Structures are given as C-alpha cells and as structure tokens.
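A quick write-up on the structure given underneath.
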2 protein chains.
Amino acid sequence: MAPANTSSAATSEPRLGLRERKKIQTRQAIRRAAYLLFERQGYDGTPIDQIAEAADVSPSTVFRYFPTKEDIVLTDEYDPVMEAAIRARPADESPVEAIRQGVHVAMRHIMENDIVELRQRTRLVREVPSLRGRQAEGMGQSARMLCTVLAERSGRDANDVELRVVTSAILGAMHEALMYWVEQGQQEDLIALIDRTLDVLDRGLTL
Amino acid sequence: MAPANTSSAATSEPRLGLRERKKIQTRQAIRRAAYLLFERQGYDGTPIDQIAEAADVSPSTVFRYFPTKEDIVLTDEYDPVMEAAIRARPADESPVEAIRQGVHVAMRHIMENDIVELRQRTRLVREVPSLRGRQAEGMGQSARMLCTVLAERSGRDANDVELRVVTSAILGAMHEALMYWVEQGQQEDLIALIDRTLDVLDRGLTL
DNA sequence: CGTTAAATGGCAGTAACTCTCAAAAGATTG
DNA sequence: CAATCTTTTGAGAGTTACTGCCATTTAACG
C-alpha cells in the first residue's frame with residue numbers, strides 16, 4: 001500500500017522531518033483500521049490486538065498513540081478553532097451569541113473536512129456507553145476552555161459559578177442536539193438545529 | 001439461627017423474607033467496605049478482590065451485586081422521588097420551575113438520609129475520571145425520565161428536541177453546580193446554590 | 001423432612017491497560 | 001561516511017476489571 005498522501009491540505013507548512021510524518025501516518029493508519037473494524041463488527045467486538053494487526057503495528061504502539069481504546073474514536077481538535085473564533089467576536093456580545101458564532105465556525109470546519117467521520121463517530125458515541133462516558137469527559141475540558149475565554153470577555157473569574165453553569169448548560173444542550181441529529185438519521189441541517197437549540201437557551205428554557 | 005421473627009415481633013415493613021434481608025445486608029456491607037477503602041487508598045488503588053475480602057464475600061458476589069466497580073459508588077435512587085415530586089406540581093408551571101421544586105424535594109430527602117455519603121460520592125466523582133464518565137450515563141437516564149414527565153405536562157412528544165435540550169441543559173448545569181460545591185468545600189447551602197443555578201437558566205444564560 | 005429455587009464461591013478465560021527492556025530507525029555531529 | 005545519540009517500536013510479563021460455568025450451600029415451601 002502506497003502512502004498516497006491524501007491529506008491534500010496545501011502542504012505549505014514547515015517541512016516536517018521524516019519522523020513526524022511517519023507518526024502522523026501511523027496515527028491515521030490506526031484510526032482508519034479501527035473505524036473500519038468497528039463498522040463491521042462493532043466497538044466491543046473489536047479487540048485492540050486486531051486493530052493493531054490491521055494497522056500493521058504492534059499492540060504496544062496502539063497504546064502509545066491512544067492511551068485508551070476510547071481515544072481512538074474520540075479525538076477532535078476543534079476546540080482551538082472554536083476558541084479562536086470566539087476570541088474574534090466583540091466583547092460585548094452575550095455568551096450564548098458568542099458561542100453560537102464559535103460553533104458556526106467550528107461546524108463549517110468539520111463539514112468541509114470530515115463530515116463522514118463526524119457521522120460515524122457520533123453514531124458510535126450514541127451506541128457505546130463507555131464512549132458516551134468518555135465524551136462527557138471531553139466536554140468537561142471544553143467547558144473549562146469556554147469558561148476561560150468567556151471570563152476574559154466579561155471580566156469575571158474563570159471559576160465563577162454562574163459562568164461555569166452557563167457553559168455547562170450550553171454544552172449539555174448541544175450534545176443532546178447532536179444525539180438527536182444522529183437518531184433522526186442526520187438529515188436535518190445541523191447548523192440550523194444547533195441554532196434552534198441555542199434559541200431555546202436564550203429564551204430561558206421555555207417551551 | 002432461630003427464626004424468632006415469625007409472629008409476635010411487629011416487623012415494621014412488609015415482612016421481607018430472610019433472603020431479601022440478607023441481600024440488602026450484603027449489598028450494604030460491600031458498599032460500606034468499598035467506601036472505606038476508597039477513602040483510605042483511593043478508588044484506583046483498591047481492587048475488587050480487596051473490597052470483597054473486607055466485606056467478607058467472594059469477588060464473584062461483588063460482581064453479582066454491582067455489575068461494574070463504578071456502580072458501587074454511583075447508586076442513587078432519587079430519580080423516582082424527583083419524578084413523583086414533579087408530577088405533583090401544577091401542569092401550567094414552567095419546566096424550570098417544576099424541576100426546581102422536584103430538586104428541592106429530592107435534596108431534602110438526601111440531606112436527611114445520607115448527606116455524608118453525598119459528599120464522599122461527589123468527591124469521588126470529581127476526582128476519578130471513569131466515575132465522572134459513568135455518572136454522565138446516569139444523567140442521560142435522568143434526562144430521559146425528565147423528558148417523559150415534562151412531555152406529559154406540556155402535551156409534547158417525549159422525543160421533542162426542544163424538550164430534550166431543556167432537560168439536558170438543566171442537568172448539565174446542576175451537575176456543574178454540584179462540582180463547584182464540592183470544590184468549595186461543601187460549605188455553601190446547596191439548595192441556595194441550585195436555586196441560583198436555575199435562576200441563571202431562567203434568565204437565558206445572561207451573566 | 002424432602003424437594004426446589006436462589007445465592008454463593010471458585011476457577012478458568014478474555015481484554016484493556018501498564019512497565020520494562022532491548023532492538024530498530026531517524027537525527028546529528030566529526 | 002561513520003559513529004553516536006535520541007526517539008520510536010516491538011515483545012513479554014504482569015495487573016485488574018469483568019464474564020461464564022459448575023458445584024455447593026442455603027433459604028423457601030409443601
């Protein structure tokens with residue numbers, strides 16, 4: 001199998017050493033193999049050893065790249081994107097509105113690059129309890145990030161209860177919207193759905 | 001051991017058989033032993049075998065009572081209490097308000113019975129990632145329950161997106177409040193804190 | 001008391017990790 | 001280019017949560 005360098009992201013970046021390139025490649029190989037096997041025989045039905053074999057690396061290496069099996073599925077690097085997007089918004093905007101814009105940007109980013117993976121991943125998260133649990137962890141991280149950013153904008157402490165409550169509520173709501181989306185067969189316009197979700201929050205959770 | 005309970009002794013509750021009583025007893029023994037060991041040597045530092053030994057049962061039995069180690073920590077039976085409380089509220093009350101009242105009732109219930117355990121448990125949940133993840137699962141259950149109840153009141157479908165968003169946001173927010181509470185040393189009045197949290201939601205997540 | 005059903009304990013097996021160490025491969029310097 | 005240094009990899013042994021299976025004990029019931 002030839003490398004085939006599918007990344008296609010205008011490789012104008014600083015030339016990475018061979019080591020770095022191989023690392024990225026291996027990482028991708030493992031994830032690809034895993035997703036394929038998960039699709040075919042389910043998450044729980046796929047032992048790490050088998051993933052390792054399919055990706056042509058040793059089990060040790062799999063664990064080196066992904067500390068837990070869940071991490072193979074749950075790896076998004078969109079937090080920084082969203083963070084940047086929010087920072088770019090005017091400081092007098094309401095938290096909900098700022099986050100709305102941040103999510104819009106991150107969403108467009110995802111849709112362009114790997115919407116297929118988003119579907120697959122969300123489906124897995126929905127079905128496998130341990131993944132759902134792990135993702136909640138990730139949301140905790142995102143929440144802390146949002147708190148920090150919003151704290152700067154509003155001049156509050158990043159540990160302010162109300163601030164933390166706001167971010168947690170928003171993330172909880174959006175997660176639920178995502179789940180709804182996959183349950184419905186991912187037909188709806190995701191951005192519109194998220195907007196509706198944020199509207200509900202905006203108007204004080206009235207029905 | 002002689003039966004001794006047969007007729008004369010007014011055994012308070014609907015007379016449980018010896019079997020049932022022993023089961024409850026065993027369950028409690030395991031949990032007590034576990035909490036004690038967790039306190040002393042941490043959650044991850046305490047293998048099931050040790051818990052079994054301390055509770056004077058076999059490891060098999062531990063797994064029979066608690067399908068996972070996490071379940072030893074996370075077992076609350078307050079959902080039904082809250083459900084009943086919400087059902088008792090007038091149907092024209094807003095979701096947030098109804099849940100507020102439901103939480104009040106459940107909280108009082110907890111405070112009277114096992115506030116010590118609440119502290120210990122919440123502390124554990126805060127510290128141990130796997131527990132946090134598992135608890136998120138539990139919140140999912142609670143969310144579905146709330147959806148069902150609120151659906152009846154509002155005449156909506158229990159699967160309505162907005163309904164689901166509302167419950168998820170509320171639960172996410174309350175969870176965060178609880179975390180804040182333990183972080184601050186559990187000094188504040190928990191009920192007041194939760195009220196503040198719900199107020200934030202009520203006014204549309206403005207700061 | 002004898003029979004039945006449930007709870008228990010022990011044991012073997014699986015799978016997700018963790019640790020350690022030696023070999024292989026990329027980077028670096030003379 | 002060779003020698004050395006550093007990073008990545010693979011292999012093996014060990015831990016622990018969990019699953020199934022079967023024999024034994026123990027409560028329930030006629």
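Atoms considered below: every heavy atom in the structure, side chains included; atoms not considered: hydrogens, waters and symmetry mates. Convention: sequence-line order gives letters A, B, ...; per-chain numbering from 1. Worth saying up front: this structure is predicted, and the values here are computed from it rather than measured.
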Is there a side-chain contact between [X] and the phosphate of [N], meaning an N or O under 4.0 Å from OP1 or OP2?
X	N	result
Tyr65(A)	dT9(D)	yes
Lys22(B)	dA7(C)	no
Thr61(A)	dT9(D)	no

Would you please classify the geometry between the Tyr78(B) ring and the His109(B) ring as parallel, tilted or perpendicular, with 30° and 60° separating the classes?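 His109(B) and Tyr78(B): perpendicular rings.
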Does the dA11(D) base have a donor-acceptor partner in the side chain of Ser60(A) within less than 3.5 Å? yes
Could you check how far [atom1] of [X] sits from [atom2] of [N], rounded to whole Å?
X	N	atom1	atom2	value
Asp44(B)	dT18(C)	CG	C1'	13 Å
Ile48(A)	dA15(C)	CD1	P	11 Å
Lys69(B)	dC18(D)	NZ	P	8 Å
Glu20(A)	dA27(C)	CD	C1'	11 Å
Arg64(A)	dA16(C)	CZ	P	17 Å
Asp49(B)	dC11(C)	CG	P	13 Å
Gln25(A)	dG26(C)	CD	P	12 Å
Ile72(A)	dA16(C)	CD1	P	9 Å

Does the ring of Tyr65(A) carry Lys23(A) above it, NZ/CZ under 6.0 angstrom from centre and within 45° of its axis? no
Quick one: does NZ or CZ of Lys69(A) land under 6.0 Å from the six-membered ring centre of Tyr43(A), within 45 degrees of the ring axis?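 Pair Lys69(A)/Tyr43(A) counts as cation-pi.
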For residues Gln101(B) and Glu97(B), is any side-chain donor paired with an opposing acceptor at under 3.5 Å?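 Gln101(B) vs Glu97(B): donor-acceptor pair found between side chains.
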Would you mind telling me which residue lines up with the more 5' stretch of DNA chain D, Tyr43(B) or Lys23(A), judged by nearest nucleotide?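 Whichever sits nearer the 5' end wins; that is Lys23(A).
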Return whichever of Glu70(B) or Gly17(B) has its heavy-atom-nearest nucleotide of DNA chain D closer to the 5' end. Glu70(B)
Heavy atoms from C-beta onward define the side chain here; which of dA11(D), dT19(D), dG9(C) lies closest to that of Ser58(A)?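 Of the options given, the side chain of Ser58(A) lies nearest dA11(D).
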Where the side chain of Thr26(A) is concerned, which of dT8(D), dT9(D), dG10(D) is the nearest nucleotide?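 Nearest to the side chain of Thr26(A) among the choices is dT9(D).
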Describe the nucleic acid contact of Thr46(A) in one word from base, sugar-phosphate, nothing, applying a heavy-atom distance below 4.0 Å.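 Sugar-phosphate contact only - Thr46(A) comes under 4.0 Å of backbone atoms but never of a base.
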Is Pro59(B) touching bases, backbone alone, or none of the nucleic acid, heavy atoms closer than 4.0 Å?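 Nothing: the residue Pro59(B), judged by heavy atoms under 4.0 Å, touches no strand.
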Salt bridge or not between Arg123(B) and Glu127(B)? Use side-chain N to carboxylate O under 4.0 Å.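 Salt bridge absent between Arg123(B) and Glu127(B).
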